[in-house]
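Notes follow once the structure below has been shown.
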Amino acid sequence: MADFLSAEWLAALNDSLKVSGAPPLGSASETFRVVLEFTEGPTSSPHALTFTISADGAFAELGDHLAANAVIRLSLSDAEALTSGTLESASALREGRLKLRGDVHGLVPLLGWLEASK
């Protein structure tokens, strides 16, 4: 398995997103961007990961996006646990391990879809 946030890991994630089916968006013309902003990570690691989701599908890229609809702040280790499936987003949110900002209502259906696309 590739290291979290490595080029190989990102390519595998994007391959998985390509075949994950249609995302649950409010309208066919909508684009929704979710930024995972990492705290407590080494300075050598990327500080953020952006998911861009539209009717055409989804992809992830390193870095943040100024037009993000929602930003999720979390530790790098929690981000890795979420993407590996060892931590569920609902549990992390209840435990205060995630800090959400932006369009939370639009984010909720997308989190389940992103988790299922792994």
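- The hydrophobic clustering, which links ILVMFWY residues whose side-chain heavy atoms are closer than 4.5 Å, places F38 and W9 together.
- Annotation: side chain of T39 is not in contact with side chain of L74 (no heavy-atom distance under 4.5 Å).
- For the atom pair OG1 (T50) and CD (E37), the distance works out to 9.5 Å, reported to the nearest 0.5 Å.
- If you take CG on L62 and NE2 on H47, they are separated by 10.0 Å, rounding to the nearest 0.5 Å.
- Under the 4.5 Å side-chain contact rule for hydrophobic residues, L107 and F59 do not share a cluster.
- Hydrophobic clustering, with ILVMFWY side chains joined whenever heavy atoms are under 4.5 angstrom apart, groups L36 together with V104.
- A pairwise comparison of heavy atoms in A2 and S6 identifies CB-OG, 3.7 Å as the closest pair.
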Would V71 and D64 satisfy side-chain contact (heavy atoms from CB on, under 4.5 Å), going step by step from the backbone distance to the final call?
CA-CA 9 Å; V71 176; D64 53 6; over 6 Å; no

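- To the nearest 0.5 Å, atoms CZ (R94) and CD (E88) are separated by 8.0 Å.
- To the nearest 0.5 Å, the span separating CD1 on I53 from OG1 on T31 amounts to 9.5 Å.
- Residues P23 and S54 share a closest heavy-atom pair of CG-O, 3.1 Å.
- Counting heavy atoms from C-beta outward, E80 and S77 have side chains that stay 4.5 Å or more apart.
- Distance check, rounded to the nearest 0.5 Å: CG of L82 to CG of L98 gives 6.0 Å.
- A donor-acceptor pair is defined here as one N or O able to donate and one able to accept, closer than 3.5 Å; no such pair exists between the side chain of S16 and the backbone of A12.
- Cluster membership for F32 and L17, using ILVMFWY side-chain heavy atoms within less than 4.5 angstrom, is shared.
- Distance check: N69 CG to R33 CZ gives 7.5 Å after rounding to the nearest 0.5 Å.
- A donor-acceptor pair under 3.5 Å is formed between the side chain of N14 and the backbone N or O of A60.
- Between H65 and V35 the shortest heavy-atom distance is N-CG2, 3.7 Å.
- Side-chain heavy atoms closer than 4.5 Å link hydrophobic residues (I, L, V, M, F, W, Y) into clusters, and following such links, possibly through other members, connects L13 to I72.
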